[in-house]
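All values derive from a computational prediction rather than experimental measurement.
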Amino acid sequence: MKTLEEIENLSLEELERKALEAPVTVPDGLERRLRQTLAARELAESARPHPALRLAPFAVAAVAAAAIVLLPQRGPKDSFDDPLLAYAEVEKAFQTISDKMSAGVDLAREAGSAAELPKTILNKTQSK
């Protein structure tokens, strides 16, 4: 084994000759892995967004911040001054939802019995 100083003192021709004399073992699949790595690098470079697009999120954030500051604040307006009246309206809305759901459940029950008919026919056909 040569020391670092001995290697530094060798000429390029001597280094090349010694390198050619040494047996070289190449790992299995090295070429395939190199090709995959180069292809992945090429894909990654082609998929990079344009530099101007990297600033797009900041531009969107700036526009949103300006809109919040400059546009007038409009929130939902209270429909009722009396909390009891508001509560009565909520109960009325829930009752309407419940009535509609009951009608939907009844329709689903009827459809369920109608859906069983093809299943029954198929079972009878397969059992023959």
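- For CG of Asp28, the number of neighbouring non-hydrogen atoms (other residues, nucleotides, ligands) closer than 6.0 Å is 12 at most.
- Heavy atoms from other residues, nucleotides or ligands lying under 6.0 Å from CD of Glu21 number more than 12.
- The number of heavy-atom neighbours closer than 6.0 Å to CD of Glu16, taken from other residues, nucleotides and ligands shown, is 12 or below.
- Annotation: Tyr87, atom OH; neighbour count of heavy atoms from other residues, nucleotides and ligands within 6.0 Å does not exceed 12.
- In terms of the side chain to side chain contact (heavy atoms under 4.5 Å, CB included) criterion, residue partners of Asp82 (sequence neighbours excluded) are, by chain and number, Leu84, Leu85.
- Residues passing the side chain to side chain contact (heavy atoms under 4.5 Å, CB included) test with Leu30, sequence neighbours excluded: Val26, Pro27, Arg33, Leu34.
- Between Leu4 and Glu8 there is a side-chain heavy-atom pair separated by less than 4.5 Å.
- Counting only distance, with no hydrogens or angles, the side chain of Ser98 and the backbone of Phe94 share no donor-acceptor pair below 3.5 Å.
- Under the 4.5 Å side-chain contact rule for hydrophobic residues, Ile97 and Leu107 do not share a cluster.
- In summary, the side chains of Gln95 and Asp99 do present a donor paired with an acceptor at a separation below 3.5 Å, with no hydrogens or angles considered.
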Practice task
Could you check Arg35 against Arg32 for side-chain contact (heavy atoms from CB on, under 4.5 Å), going step by step and ending with a plain yes or no?
Solution key: CA-CA 5 Å; Arg35 287 183 189 277; Arg32 178 182 49 82; 5.8 Å; no

Tabulate below the donor-acceptor pairs under 3.5 Å that side-chain atoms of residues 118-126 make, not counting sequence neighbours, or state none.
residue, atom, partner, partner atom, Å
Thr120, OG1, Glu116, O, 2.9
Asn123, ND2, Lys119, O, 3.4
Thr125, OG1, Ile121, O, 2.8

